[in-house]
Amino acid sequence: MEHPGFDSLHEKVRRWIVRKGWDSLRPLQERACVEFESGDGDLILAAGTAAGKTEAAFLPICSKLIGSGHEGLRALYVGPLKALINDQFSRLEELCRELDIEVHRWHGDVSSSHKERLLKSPSGILLITPESLEAIFTLHGTRLASLFSGLEYAVIDELHAFLGSERGRQLQSLLHRIECIPERKERKLRRVGLSATLGDLSLASAFLRPEEPERVHVLEAAGSGSELKLQLNATLQPAPIAKSGPKSGRATSADHNGEEAEEQSPDLIELVDHLYRNLRGANHLIFTNSRADVELISSRLALRCEEDRVPLEFLPHHGSLSRELREDVESKLQNSSRPFSAVCTTTLEMGIDIGGVASVAQIGPPSSVAGLRQRLGRSGRRGEAAILRMYVREKEAEVDTPLELALHPQLLQSIAAVELLLEGWCEPPEASAQHYSTLIQQILSTIAERSGAKADELFALLCNRGPFAAVDKSRFARLLRDLGEADYITQMHDGTLVVGLAGERLVNHYEFFAAFASRSEYELRADGRRIGSMPLEQPMPVGSGLIFAGRVWNVLSIEPGRRRIELQAGRRGMPISIRGGGGPPVHDKLRQAMLRALAGTERPAYLGTLAAKLLDDARSRFSRSGLLENSTIQAENDCVVFPWRGDRVMNTLLLILSSLGHNVISSGMALRVRNIDAEELRVQVSNLLKQGLPSAMELTAQVADARLDKHDDVLCEQLLHEGYASRRLDIGGAEEFLSEWVELG
DNA sequence: GACCTGCTGCGGGTTG
């Protein structure tokens, strides 16, 4: 058998591989080596967790670096997490030690002496976060040429984590700014993206090389093809005694309004009992949609272990817990001889290697297929089937329950997500969104880097053919005026822009380097020890109860000055403030799959007994309602519309109908328009379509607070609303639905 | 709208 990829590697690298005892390169590594040898274009390596992506990139890169005669820094590795960088640093060091290639790392926990050493004599490979790269540009503008003029490769790890986000746009801008360093004479970097398998890899190509996506080569590892064992269980919350109308906002996985009711709820006990009976004795990951649910479920499981006098083996893990507590959980999952399971948020979806887990559980409906897929990727030890247990807590429907709730939306959403998962589809990242806030950061950073810059120079660098190409000249000028008014920048007599007084404060604080805003939080302490942090958004009187880190506490004192909350072990309580459970916006496809689940007749084999019964129940309500024919029901005085579209269309429809002067309530799946007849509403909408829908500006003017990103507060109304509309609305989609809907009448 | 992620320079103390 021939191994052209292996044979193309430098002799020293081949020797290292042989000494490691590897029989041969993995298929993806072999193909990557061939690609590196034969071409010079950008590259995406897409594969599951254990395909050896890092080596696929760095074996050939290191081969090229050995004895190339070039000095200086040659390859950049950008990773989203410090822990990941530390992980990769050890692996790369081991390889590079024998090849005489220096490896450096740079992030917030690396000492300044190490950083200074790299700045003085740049060499080899640098592992870094986007924020630290930003810091280099902002603070060491004069050393960029010596650092980056000889750079050849940029490897982006966990590429999918950057797609469609502010941080991703920042990274694109930084890579572009490296390529534009004058001393490089327009020489491009060879960009290499490492990614989990994605639904639509063309968008990943467009991210990696925006100006020439067609030149990106994508190497995708053959799917693992391993078996998937699925189970979807439903529990039923008894109908509340107090009656209330349909609530605004989306149905959430857990509702913490009634403390006692929540604690005693038999369906919660049933759910926890199922987890306890099925998951004890092995390592599992139990994912929820919110930190509050992590606390609720993990504390109940802990209580269950206590009652049975068995060792505690369910531990909470989320971003508000202190690093010490999180690392303790991670090391128990990794190393302990005893079995441990983590109840967690997205914190354990990515990054550090915790080894394979026996199964994955998902509490509450997944709001994206991509997220579900990412979570499922943590299951399935080599060769074994992946196991996914899903749980939804539905509410019991009564005679007067509104139809949009009686159709069991959480169950439908879970079924829809599973069906799309099995079809191999998942949401593409959002590529069209404007990120004015990140553009503001990049303008300030570039001015700081160059100690002043001209407006046309900035436009040419960042917009024109750069990462913010969607921003035209007039909007860019508008943005500069906004920055001037906020005193972020000021103009000198010769037209040079420099950082203004308020801008100085911004740029000189370390928070500037991140493109995203950080939550302002209170520190939680117990027995003199920091146990985590949480935002304090609700009144929380001293003495009140709180579940945190899987235990019950009482609030001892609150110090607003030091932003500190002192706790002591308590007996009863409920999660305060860290709440939610909405998740990312639901995609059009997911809502359409919910309709298919309702209109279908076959029962998916993975449904548990109660889940199957609830689906039957929803289907018979659905067929009686006539919804399949005209997407609308008349419920007494209200007209309830079921568009079967994603959240962005639903948001837009809500604003459009509100602009007609109606009182509209969204339940996520349906829009309830109060006190109007369906026929009358159709006439009004038809007239509106004829005269033209309101503009994005007019629609978003109804939004109380349109600020979404870090620096949005300095934007003028126009840019603020444009930015909001590009992220949250879909006017074209809404118009398409309304035209169809008017025809139905 | 969920949940994540990240960060400098300097002043103080301790240790070799």
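Residue numbers start from 1 in every chain, and the chains themselves are labelled A, B, ... in the order their sequence lines are given, proteins ahead of strands.
Contacts of Arg326(A) with the nucleic acid, taken as non-hydrogen atoms under 4.0 Å apart, involve only primed sugar atoms and P, OP1 or OP2.
Whole-Å rounding puts the Leu321(A) CG to dC3(B) C1' distance at 13 Å. The NE2 atom of His317(A) sits 15 Å away from the P atom of dC3(B) (whole-angstrom rounding). In this entry the distance linking CG of Asp293(A) with C1' of dC3(B) reads 13 Å, nearest Å. In this structure, CG of Leu348(A) is placed 20 Å from P of dA2(B), rounded to the nearest angstrom. At whole-Å resolution of the value, CG in Leu708(A) and P in dA2(B) are 12 Å apart. The distance between atom CD of Gln362(A) and atom C1' of dA2(B), rounded to the nearest whole Å, is 12 Å. Between the P atom of dT5(B) and the CG atom of Asp157(A) lies a distance of 16 Å, rounded to the nearest Å. Here dT5(B) presents its P atom at 18 Å from CG of Leu171(A), a figure rounded to the nearest Å.
A search for side chain to side chain contact (heavy atoms under 4.5 Å, CB included) contacts involving His509(A) returns Glu511(A), not counting sequence neighbours. Residues passing the salt bridge (charged side-chain N to carboxylate O under 4.0 Å, His left out) test with Arg143(A), sequence neighbours excluded: Glu116(A). Every side chain to side chain contact (heavy atoms under 4.5 Å, CB included) that Ser659(A) has, sequence neighbours left out, goes to Pro694(A), Gln702(A). Qualifying side-chain hydrogen bond (donor to acceptor under 3.5 Å, both in side chains) partners for His587(A), counting only residues two or more places apart in sequence or in other chains: none. In this structure Ser368(A) satisfies the side chain to side chain contact (heavy atoms under 4.5 Å, CB included) test together with Ala370(A), Glu427(A), Pro584(A), sequence neighbours excluded.
Side-chain contact check for Gln413(A) and Arg591(A): no donor-acceptor pair (N or O, by modelled atom type) lies under 3.5 Å.
Side-chain nitrogen and oxygen atoms of Arg291(A) include none within less than 4.0 Å of the OP1 or OP2 phosphate oxygen of dA2(B). When the side-chain nitrogen and oxygen atoms of Ser290(A) are compared with OP1 and OP2 of dA2(B), none of them lie within a distance under 4.0 Å.
Within the 4.5 Å cutoff, the side chain of Arg672(A) has heavy atoms near those of the Glu404(A) side chain.
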**Fill in**
Readout for nucleotides 6-16 of chain B: B = base within 4.0 Å of protein heavy atom, S = sugar-phosphate only, - = neither; 5' to 3' it is BBBS-------
